[in-house]
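See structure below.
Chain identifiers are assigned alphabetically (A, B, ...) following the order of the sequence lines, protein sequences preceding nucleic acid strands; residue numbering begins at 1 within each chain.
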Number of protein chains: 2
Amino acid sequence: MPDKTEKPGKQQAADERPVRRQARGERRIAQLLEAAASVFCTTGYTAASTNAIAREAGVSPGTLYQFFPNKEAIAIELGSRLMHRMRETYGEALAPLDPATPLEEAVTAAVDRFIDFNCRNPVFFALMHGPDIPGRMAEEHDALHATLITRVETLLTPFVPGMPTAEVNRVAQVCVGIYKAGLELVLAHEGAEREAYVQELKNVLVRYLGALVVD
Amino acid sequence: MPDKTEKPGKQQAADERPVRRQARGERRIAQLLEAAASVFCTTGYTAASTNAIAREAGVSPGTLYQFFPNKEAIAIELGSRLMHRMRETYGEALAPLDPATPLEEAVTAAVDRFIDFNCRNPVFFALMHGPDIPGRMAEEHDALHATLITRVETLLTPFVPGMPTAEVNRVAQVCVGIYKAGLELVLAHEGAEREAYVQELKNVLVRYLGALVVD
DNA sequence: GTGAAACGCGAGCGATCTCTCGTGTTTGCC
DNA sequence: GGCAAACACGAGAGATCGCTCGCGTTTCAC
């Protein structure tokens, strides 16, 4: 039974009470989500135990379940807040491009933004990457992936005017795949080495897409 | 306590008996490994239960533990046999290249071979991909990854004569990352669509590496 | 044929994990 | 101040999983 009562003041279906949160409760929720992020990062979702999350947050298991109906809901809410933060950080993300923008610049901007976000929020990668995502998490995951693909497609379209949509979709899938692989390498290194991998990721994308543009 | 007694006739350390396998036992082992491959493919390593593997193989849990000391040993042995099959299928893998071979041909040959192997043995991907690999599996994983990187480096060297080794290593890491991402997309599709993704993967690698060659 | 060892079974032990429940404390509203 | 609801606790119920153990069956060397 999912708990939609994180925000107070919303009317519910007949079988759920509003549960008016106090300031203390909101603080606990934030605390628990932060602890969950930490635990998910180090052990992954499935291996993370709710008791470990509660311990990390310095509360009892019972308290955790005061705010989340189950372990999955923690990850869902965490992912949701991450998505929200991502949207508000980048507005409409890698969106507004006048067709005059050169490809290299567009790729650089998009990669820089996403890499930056993922470096600041390593949980994002941990939640998205694992094959250990159960039930409703998978839906959320697929939805995010789909919107990402769609956005890349619209980003791509002006650069490859005559390409059939099926092929555009394929190219977008490949781009996202490349980005994920690059992100993994980037997160695995630090400092100058990390910067070098970022540059390499940009190179891969620019050269791949560049060949399609002049084609 | 790891069990090195899969092959009969080997002398052991003082604390382990040889355990002379009968033909029946070898058959059971193959049966169990096949079942494990199936279960690992559908649920991943950590989520796979030894009881499920035994059930899939049509034997009791006790019988499974007659041949494997623990769950990890199953994955280890499975990975080991997979590696062996890979080596014997491709000899020294993507090895002998006279320097006259054009880049595109080299990439095509290497990608085709690896993709083919991974399509025939989907467990390989399942075992390598998950972040859910515990203990000694991780070592095996890292070892394989390292040898793969090294091989790609030596493959790469004749094409980029003046490049410093650190950069060669980075390029190899990127290539392997790209391959993994491409493999995931390839395995997610079938028929003509799959072929198209294989071609796209080759394109990415050729264009990325091509720019380094003429550089 | 006979004995030893390999094979096979399945109930169940111990550990772990998710989630509950009874009880006590704090907070906010009148 | 008083009361209802939100918050907090932690033992433990219930389920699952890896793995064991005792005992019965099959195989094989002699």
Kindly say if B/Arg21 contacts the phosphate of C/dA5, meaning a side-chain N or O under 4.0 Å from OP1 or OP2.
no
Would you list the atom pairs, donor with acceptor, under 3.5 Å between side chains in residues 138-145 of chain A and any protein atom, with sequence neighbours excluded?
residue: A/His141; atom: NE2; partner: A/Met128; partner atom: O; Å: 2.9

Under 3.5 Å, which donor-acceptor pairs do the side chains of residues 116-124 of chain B form with other protein atoms, sequence neighbours left out?
residue: B/Asp116; atom: OD1; partner: B/Arg120; partner atom: NE; Å: 3.4
residue: B/Asp116; atom: OD1; partner: B/Arg120; partner atom: NH2; Å: 3.2
residue: B/Asp116; atom: OD2; partner: B/Arg120; partner atom: NE; Å: 3.0
residue: B/Asn118; atom: ND2; partner: B/Phe114; partner atom: O; Å: 2.9
residue: B/Asn118; atom: ND2; partner: B/Tyr179; partner atom: OH; Å: 2.8

Give the rounded distance in Å between these two atoms: CD of B/Glu26 and P of C/dC7.
8 Å
In chain order, what residues pass the ring-ring contact (aromatic ring centres under 6.0 Å, His included) check against A/Phe40, with sequence neighbours excluded?
A/Tyr45
Could you list the residues that satisfy side-chain hydrogen bond (donor to acceptor under 3.5 Å, both in side chains) with A/Arg207, not counting sequence neighbours?
none
Can you measure B/Arg28 atom CZ to D/dT25 atom P for me and round it to whole angstrom units?
17 Å
Does A/Arg136 offer a backbone N or O that forms a donor-acceptor pair with the side chain of A/Glu72 under 3.5 Å?
yes
What string of B, S and - do you get for nucleotides 11-30 of chain C 5' to 3' if you count protein non-hydrogen atoms under 4.0 Å?
-------BBB-----BS---
Send over the distance from A/Leu64 CG to D/dA8 P, rounded to a whole Å.
11 Å
Nearest-Å distance, CZ (B/Arg55) to P (C/dC9)?
14 Å
Does anything in residues 188-198 of chain A pair up under side-chain hydrogen bond (donor to acceptor under 3.5 Å, both in side chains), and if so which pairs, sequence neighbours excluded?
A/Glu193-B/Arg170
Side-chain N or O of A/Thr63 closer than 4.0 Å to phosphate OP1/OP2 of D/dC9
yes
